Amino acid sequence: MNPLQPRRRHRLSHLMFALLVAALPFAATVPALLWQERQDLQASVRQQVDQGLQLVDGILDQADEAARILLPLAGGSCDKAVYSLRRQVAVAPFVRSTVLLDGDNVYCSSLSGSTRWAMPARGFVQGRMQLLSGNAVTPKVPLLYYRLNRGGDAAVATVDGRYLQLALQDVSDRILVFLQVGDHWLGPRRYGEGAMPARGQVEEIRHSSRYPFSVRSSYDVPAWHRHLWSHHAPLTVILLLLGLSAGATLYWLLGRPASFTDELRRALANDEFEGYLQPIVKPGLPDWRGAEVLMRWRHPREGLIRPDLFIPRAEESGLIVEMTRRMMDAVLAKLAKLPLAPDFHLGVNISRAHLQEGGLYSDCRRWAGLLAESGAVLTLELTEREMVAITPEVEALFRRLDALGVRVALDDFGTGHSSLVYLQQLTVGGLKIDQSFVAGIGSDGLSGHIVDSVAELAAKLGLATVAEGVETAEQFDYLSRLGVNWLQGFYIARPMPLDEFVRRVRQGGTWQR
Ligand SMILES: Nc1nc2c(ncn2[C@@H]2O[C@@H]3COP(=O)(O)O[C@H]4[C@@H](O)[C@H](n5cnc6c(=O)[nH]c(N)nc65)O[C@@H]4COP(=O)(O)O[C@H]3[C@H]2O)c(=O)[nH]1
């Protein structure tokens, strides 16, 4: 299993959550805003078209009234009718001219009196209305004929198209509004036949209930992102920034460990604990004959952290077991391939929690298996700081470890009060003379006596001895003369990263004396 996986999964879920929150202000505001604007646009276009219809209806009402007044005169004498024709032009708003027809021919006009030209009924929509781009008098001015028929005769009131265009312009606010009569259409400052210009996705059409025309308008719904950017750029930026800062804050908060134990858990998942190795030598032999694995925490911000700052909490929480397991797996993966000295002593600190957890035996079997080829001997160092209750299970475990070839040594020997009980009841193969006693060699008589006594006791019990904290040549020589089997301390070498240890072992010549 990849030890980083749980951490990555955590990070990923935090990231997803943070992104969700980051998107929230935007996602909650923008669809509602766009929906509301679309509704507003639709409502305003509807209103424009409704108003356009009313205005055109109103203009046509004037033409209808004029034509209605003139219709009884149709078919009669032009001389008698011409005054009425001109009067309607003068009094009826929007009406530019009036004519009377017999059949399809105009025979009397407000403009020229008696006349004769064709105005076929088939050009009129429903026989009542015709929209044109102009006529002979004003070719470029659109006009609308409004015609009322009676038998074969008819009266026509001509509406000036410019009034209609002005009315349409008046209502064309956001969108252009057009008047359509049959195939012909009229819009603000424009006239045409056939398809209307700028046909959009959404169309609003109103048909007049009184006259044969419709008012229509059409528009495209703008792409939401383009619309948003062109109409609401500052709001968009604010929403995005708001979301981003909320998301980033949340991500940071989620990533923050709630307690020191959580921080240890995070570091464990992130593989931040690593083994440093401190070489151990045998008096009289030239090269490194052993090493103690010492844990370091490579913290991403704090740098390298000493074990005494985190091991006690790791032991309290029980995390020390998994931390030791991972550290040793990584260390042994590299050490197993090294040309180690015969009977190489590899020490590792084991906590009480590991003894009680139940997995120690299988861990040791795995580690011993990895070391088998190199001939190194694994030594579990049990500190007196943590008392282990000696139960039948613990005794059995020690025996099984012994049978496996794994040695158990008592660390910090003499600093606690249970060392001798352990020696008496458990299968222990060695002891480590605490560095506080070693430090006193040569200067403090009592410490010297204790070191002598421990060495003598170990020899009598057939236990291997390791003296730690050897800092001077004097201490080194004294302990060597005393017959201590292994020596460890800054005088020989400081704890070093695994890769450096491996490199120096491969290069050989690791110990000068
Ligand atoms: N002044 C002085 N010090 C020397 C000298 N030679 C070695 N030391 C230091 O003495 C400590 C020896 O380890 P320890 O007694 O097991 O004491 C260890 C051990 O009790 C605990 N520890 C370290 N690694 C682990 C681990 O993986 N598991 C557990 N359970 N405890 C660990 O933390 C303690 C401290 O470890 P470190 O800081 O690495 O400190 C190491 C080592 O750096 C010397 O000549 N002079």
Side-chain angles (χ1 to χ4, degrees), residues 52-165 167-168 178-186 191-194 206-216:
L53 186 85
Q54 271 177 24
L55 286 176
V56 176
D57 264 349
I59 291 172
L60 287 177
D61 282 348
Q62 300 300 325
D64 179 64
E65 196 181 329
R68 224 167 267 289
I69 290 169
L70 296 175
L71 189 60
L73 305 176
S77 149
C78 179
D79 289 344
K80 284 187 187 161
V82 76
Y83 170 77
S84 298
L85 290 176
R86 288 176 182 155
R87 187 167 188 283
Q88 286 310 310
V89 172
V91 298
F94 315 117
V95 174
R96 194 175 91 178
S97 66
T98 50
V99 295
L100 296 176
L101 291 91
D102 54 4
D104 281 347
N105 293 313
V106 174
Y107 72 92
C108 190
S109 151
S110 60
L111 199 63
S112 53
S114 237
T115 185
R116 196 92 196 149
W117 44 278
M119 188 186 273
R122 65 175 185 280
F124 284 72
V125 177
Q126 292 178 16
R128 289 174 73 195
M129 273 172 54
Q130 187 176 25
L131 185 62
L132 292 171
S133 59
N135 63 7
V137 184
T138 51
K140 287 187 180 157
V141 179
L143 51 87
L144 187 145
Y145 291 141
Y146 180 78
R147 173 177 179 150
L148 284 182
N149 301 296
R150 193 193 56 176
D153 303 324
V156 170
T158 307
V159 175
D160 193 322
R162 284 171 300 194
Y163 290 124
L164 293 167
Q165 284 180 315
L168 293 170
F178 293 88
L179 162 71
Q180 186 159 25
V181 179
D183 270 354
H184 300 237
W185 54 262
L186 191 70
Y191 164 88
E193 293 176 28
R206 295 285 181 282
H207 295 280
S208 170
S209 55
R210 303 205 293 270
Y211 306 103
F213 76 90
S214 61
V215 171
R216 53 182 72 207

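Please read all numbers here as calculations on a predicted model, not as lab measurements.
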Enclosure of R210 CZ (heavy-atom neighbours >12, cutoff 6.0 Å): yes

So CG of L71 and CZ of R147: to nearest 0.5 Å the spacing works out to 10.5 Å

Among residues at least two apart in sequence or on other chains, which ones pass ring pair (Phe, Tyr, Trp, His ring centres under 6.0 Å) with Y146? Y211

Nearest non-hydrogen partners of N105 and A118, listed with the distance: OD1-CA, 3.5 Å

So, for M129 and F213, which heavy atoms are closest and what is the spacing to 0.1 Å? CE-CB, 3.9 Å

Nearest atoms (heavy-atom pairs only) where V99 meets L101: CG2-CD1, 4.0 Å

To the nearest 0.5 Å, tell me how far Q88 CD sits from Q62 CD. 10.0 Å

So that I can tick it off, tell me whether R116 and D102 are bridged by a salt bridge, with the cut-off set at under 4.0 angstrom between side-chain N and carboxylate O. yes

D160 side chain vs F94 backbone, donor-acceptor pair below 3.5 Å: no

Could you please spell out the steps behind the side chain to side chain contact (heavy atoms under 4.5 Å, CB included) verdict for L100 and D153? CA-CA 8 Å; L100 296 176; D153 303 324; over 6 Å; no

Student check: side-chain heavy atoms of V156 and M119 closer than 4.5 Å: yes

Could you list the donor-acceptor pairs under 3.5 angstrom formed between side-chain atoms of residues 135-143 and any protein atom two or more places apart in sequence or on another chain?
from: N135; atom 1: OD1; to: V137; atom 2: N; distance (Å): 3.2
from: N135; atom 1: OD1; to: T138; atom 2: N; distance (Å): 2.9
from: N135; atom 1: OD1; to: T138; atom 2: OG1; distance (Å): 3.2
from: T138; atom 1: OG1; to: R96; atom 2: NH1; distance (Å): 3.1
from: T138; atom 1: OG1; to: R96; atom 2: NH2; distance (Å): 2.8

Other residues, nucleotides and ligands only: do more than 12 of their heavy atoms fall within 6.0 Å of CZ on R87? no

Give me the atom names and distance for the closest heavy-atom approach of A154 to A74. O-CB, 3.6 Å

Look at atom CD of Q180 and say whether more than 12 heavy atoms of other residues, nucleotides or ligands are closer to it than 6.0 Å. yes

Rounded at 0.5 Å granularity, tell me how far CD1 in I69 sits from CG in L85. 11.5 Å

So, taking the atom named CG in L144 and the one named CD1 in I59, what distance separates them when rounded to the nearest 0.5 Å? 9.5 Å

Review item, side-chain donor-acceptor pairs of residues 108-115, under 3.5 Å, at least two apart:
from: S109; atom 1: OG; to: L111; atom 2: N; distance (Å): 2.9
from: S109; atom 1: OG; to: S112; atom 2: N; distance (Å): 3.3
from: S110; atom 1: OG; to: T98; atom 2: N; distance (Å): 3.0
from: S110; atom 1: OG; to: T98; atom 2: O; distance (Å): 3.3
from: T115; atom 1: OG1; to: W117; atom 2: NE1; distance (Å): 3.4

Taking ring pair (Phe, Tyr, Trp, His ring centres under 6.0 Å) as the definition, give me every residue that meets it alongside Y191, ordered by chain and number, with sequence neighbours left out. none

Take R68 and L148 through the test side chain to side chain contact (heavy atoms under 4.5 Å, CB included) and record every step on the way to the result. CA-CA 7 Å; R68 224 167 267 289; L148 284 182; 4.0 Å; yes

Write down the atom of A63, the atom of A157, and the distance for their closest heavy-atom approach. O-CB, 3.6 Å

Holding to ring pair (Phe, Tyr, Trp, His ring centres under 6.0 Å), I want the full list of residues that pass it with Y107, two or more places apart in sequence or in another chain. none

From H184 NE2 over to L186 CG, what is the distance, rounded to the nearest 0.5 angstrom? 11.5 Å

For F124, ring pair (Phe, Tyr, Trp, His ring centres under 6.0 Å) partners two or more places apart: none

Here the gap from L55 atom CG to L179 atom CG, rounded to the nearest 0.5 Å, amounts to 11.5 Å

